[in-house]
Amino acid sequence: MNPFQPNRSGSEKGGNHRLSFFSFLLLLIFAAVFSLCKESKPLSPEAEAGRGLYMANCLACHNANPKLDGAVGPSVANSSYELLEARMRGEYPPGYVPKRQSTAMTRFNFTEAQIKSLEEFLKQ
């Protein structure tokens, strides 16, 4: 018997069937994983502009995902226009209780339109 030729005597039961079964199982696993992945809805042009502002200016302190706390800054998801406008000046709106007591927030000179687009992105 030549060790370099496949055994055709039938003693390797299920070789091809076993390979087919594992290939099918692997395919099912991939299908299950991909079916569980949510497709994110596209952002409006205003929210996309806000996303650009956030990525360029806020990531140094806040998390890339606004719903999570960052290394320095807290989560900022769903922040109101009033809060964003006040924080750009280094203040808080009247009656607002901060998530963290910190004066580390950088001041920004964003326009009203930029703050509105940032608010739109943070509402996503």
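Heavy-atom basis, side chains included; hydrogens, waters and symmetry copies ignored.
In this structure, Ala47 and Gln124 approach most closely via the heavy-atom pair CB-NE2, 4.0 Å. When every heavy atom of Pro66 is checked against every heavy atom of Ala64, the shortest pair comes out as CD-O, 3.3 Å.
Put simply, Leu68 and Tyr54 are part of two different groups of oily side chains (I, L, V, M, F, W, Y) that touch within less than 4.5 Å, one to the next. Tracing side-chain contacts under 4.5 Å through hydrophobic residues (I, L, V, M, F, W, Y), one never reaches Tyr92 starting from Met88; they form parts of separate clusters. Side-chain heavy atoms closer than 4.5 Å link hydrophobic residues (I, L, V, M, F, W, Y) into clusters, and following such links, even through other members, never connects Val72 to Met105.
Rounded to the nearest 0.5 angstrom, Arg107 CZ and Arg89 CZ are separated by 10.5 Å. Atom-to-atom distance recorded for Asn63:CG and Cys58:SG is 12.0 Å, nearest 0.5 angstrom. Separating the CD1 atom in Ile115 from the CG atom in Leu122 is a distance of 11.5 Å, to the nearest 0.5 Å.
Applying the salt bridge (Lys or Arg N to Asp or Glu O under 4.0 Å) rule to pairs touching residues 45-62 yields Glu48-Arg51, sequence neighbours excluded.
Each of Lys67, Lys99, His62 was checked for a side-chain hydrogen bond (donor to acceptor under 3.5 Å, both in side chains) with Ser75, and the lone residue meeting it is Lys99.
Every residue two or more places apart in sequence or in another chain was checked for a side-chain contact (heavy atoms from CB on, under 4.5 Å) with Asn109, and none qualifies.
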Donor-acceptor pairs are to be reported for all side-chain atoms of residues 77-87 against protein atoms at under 3.5 Å, with residues two or more places apart or in another chain.
{"unit_1": "Ser79", "atom_1": "OG", "unit_2": "Val76", "atom_2": "O", "d": "2.6"}
{"unit_1": "Ser80", "atom_1": "OG", "unit_2": "Leu83", "atom_2": "N", "d": "3.1"}
{"unit_1": "Arg87", "atom_1": "NH1", "unit_2": "Glu91", "atom_2": "O", "d": "2.9"}

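Salt bridge present: Glu112 and Lys116 bring a charged side-chain N and a carboxylate O closer than 4.0 Å.
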Given the rule in the side-chain contact (heavy atoms from CB on, under 4.5 Å) test, do Asn57 and Gln114 qualify, once you have shown the distances and angles that lead to the verdict?
-> CA-CA 12 Å; Asn57 297 285; Gln114 288 175 316; over 6 Å; no
